[in-house]
Amino acid sequence: SGLPVPRVGEILRVDGHTGLVYQRINGRSMLEALQHRPWMVFYYAQLQADLHAQMHARTIDVRLPSQRKRLEHKIRQAKALTVPLRTVLLSKLEDLPQGDRLCHGDFHPGNILLHAGPAVIIDWIDSSLGNPLADVARSSIIALGAAASQQVPDPFMKVIIRLFNSIYLRSYFRLLPAGKQEYRHWLPVVAAARLSENMPELKDWLVAKAKAVLRS
């Protein structure tokens, strides 16, 4: 796709496990950099938005999983959802545009490496073809959930993470203006899907976000 990612080498089998050899990037994640240099929050958030917009501008001819099918599977696996709420969420997912763009599936500062060269995007295991606005909603839910829970215990960093998310969204929609309203419709669907990842510290917050679908 032309995106900044580590080069991939050979596939190995080690002790019965399959692995990929990647190019080593000598740097640290944007998350680590943000924790050490919070005054750089505007720059880092704008950089994440720029990388995400670059990604979503790409159409690629490659066999990747369907974002919609992944979200549907995760919502069905989310035990914290009541049956009526799950039904509404699945119906909402069906109504939202499917899309055919490259989506990362877990795009956040921990998966952006900073080094001497251009920033590098890592951890593509959840990549799919789908709707970019669902991918943006996922990034936002990750950030806001961390700030709302003990994933980020420091009150100052909670403020920084919320500010980061706000700047990221503003910058992304400045680069790709269409879809801001549709993005809001994706938030409860993506929050519901994240419940399947079984993070107790986020359960109540994610359920509350998922219930917003009843008001949309």
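What you see below is based on every heavy atom in this structure, not just the backbone, and it leaves out hydrogens, waters and symmetry mates.
Hydrophobic clustering of Ile, Leu, Val, Met, Phe, Trp and Tyr side chains at less than 4.5 Å, counting indirect connections, unites Leu169 with Tyr43. Cluster annotation: Val8 and Val21 are assigned to distinct hydrophobic clusters (Ile/Leu/Val/Met/Phe/Trp/Tyr, side-chain heavy-atom contacts under 4.5 Å, transitive). Hydrophobic clustering, with ILVMFWY side chains joined whenever heavy atoms are under 4.5 angstrom apart, groups Leu81 together with Met199. Note on Leu187 and Leu89: same hydrophobic cluster, where clusters join Ile, Leu, Val, Met, Phe, Trp and Tyr whose side-chain heavy atoms are under 4.5 Å apart, directly or indirectly. Hydrophobic cluster membership is shared by Leu144 and Ile160, with clusters built from Ile, Leu, Val, Met, Phe, Trp and Tyr side chains linked at under 4.5 angstrom.
To the nearest 0.5 Å, atom NE2 of residue His108 and atom OG of residue Ser29 are 9.0 Å apart. Remark: Lys92 NZ to His185 NE2 distance equals 4.5 Å, nearest 0.5 Å. Distance CG/Asn165 to CZ/Arg162: 10.0 Å, rounded to 0.5 Å. Atom CD1 of Ile60 and atom CG of Asp100 lie 10.0 Å apart (nearest 0.5 Å). The distance from atom CE of Met30 to atom CG of Asn111, rounded to the nearest 0.5 Å, is 11.0 Å. For the atom pair CD of Gln181 and CZ of Phe173, the computed distance is 10.0 Å after rounding to the nearest 0.5 Å.
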Inset, instruction - Mind running side-chain contact (heavy atoms from CB on, under 4.5 Å) on Trp205 and Ile141 for me, showing each step along the way? - result: CA-CA 10 Å; Trp205 185 85; Ile141 287 292; 4.1 Å; yes
Legend entry - Derivation and outcome, side-chain contact (heavy atoms from CB on, under 4.5 Å), residues Val62 and Leu102: CA-CA 10 Å; Val62 65; Leu102 173 62; over 6 Å; no
Inset, instruction - Begin with the C-alpha distance, continue with both residues' side-chain angles, and end with the deciding distance and a verdict on side-chain contact (heavy atoms from CB on, under 4.5 Å) for Val213 and Leu85. - result: CA-CA 9 Å; Val213 73; Leu85 180 57; 3.8 Å; yes
Inset, instruction - In sequence, state the C-alpha distance, the side-chain angles, and the governing distance for Glu182 and Asn131, and then conclude on side-chain hydrogen bond (donor to acceptor under 3.5 Å, both in side chains). - result: CA-CA 10 Å; Glu182 185 188 321; Asn131 190 314; 2.8 Å; yes
Inset, instruction - Take Val5 and Tyr22 through the test side-chain contact (heavy atoms from CB on, under 4.5 Å) and record every step on the way to the result. - result: CA-CA 10 Å; Val5 301; Tyr22 286 97; over 6 Å; no
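Summarising the geometry of Ser127 relative to Pro65, their closest heavy-atom pair is O-CD, 3.7 Å, with the distance given to 0.1 Å. Closest approach of Cys103 and Gln67 over heavy atoms only: SG-NE2, 3.6 Å. Residues Ala191 and Leu206 approach most closely at O-CD2, 3.8 Å, considering heavy atoms. Between Lys203 and Ala80, the shortest heavy-atom contact is CE-CB, 3.8 Å. Taking each heavy atom of Gly130 and Pro132 in turn, the nearest pair found is O-CD, 3.5 Å. Residues Arg13 and Thr18 share a closest heavy-atom pair of NH1-OG1, 2.6 Å.
Using modelled atom types, one finds a donor on one side chain and an acceptor on the other under 3.5 Å when comparing Tyr183 with Ser140.
Around atom NZ of Lys158, more than 12 heavy atoms belonging to other residues, nucleotides or ligands sit under 6.0 Å away. With a 6.0 Å radius and a threshold of 12 heavy atoms from other residues, nucleotides or ligands, Leu20 has its CG atom above the threshold. Atom CD1 of Ile125 has 12 or fewer heavy atoms from other residues, nucleotides or ligands within 6.0 Å.
Residues Glu32 and Leu114 form no side-chain contact, since every pair of their non-hydrogen atoms from C-beta on lies 4.5 Å or further apart. Residues Phe164 and Pro109 meet the side-chain proximity criterion, which asks for heavy atoms closer than 4.5 Å. Looking at Phe107 and Ile121, their side chains come closer than 4.5 Å, going by heavy atoms from C-beta outward.
Checked against salt bridge (Lys or Arg N to Asp or Glu O under 4.0 Å), Arg184 has no partners two or more places apart in sequence or in another chain.
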Only distances under 3.5 Å count here; give the side-chain donor-acceptor pairs of residues 45-55 to other protein atoms, sequence neighbours excluded, each with its distance to 0.1 Å.
residue : atom : partner : partner atom : Å
Asp50   : OD2  : Gln54   : NE2          : 2.9
His52   : ND1  : Tyr168  : OH           : 2.7
His52   : NE2  : His56   : NE2          : 3.4
His52   : NE2  : Asp135  : OD2          : 2.9

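Counting only distance, with no hydrogens or angles, the side chain of Arg68 and the backbone of Leu93 share a donor-acceptor pair below 3.5 Å. For Thr87 (side chain) and Val83 (main-chain N/O), a donor-acceptor pair under 3.5 Å exists by modelled atom type.
The existence of a salt bridge linking Glu72 and Arg76 is confirmed by a sub-4.0 Å separation between a basic side-chain nitrogen and an acidic carboxylate oxygen.
Residue pairs satisfying the ring-ring contact (aromatic ring centres under 6.0 Å, His included) criterion with at least one member in residues 111-160, sequence neighbours excluded, are listed as follows: His104-Trp124.
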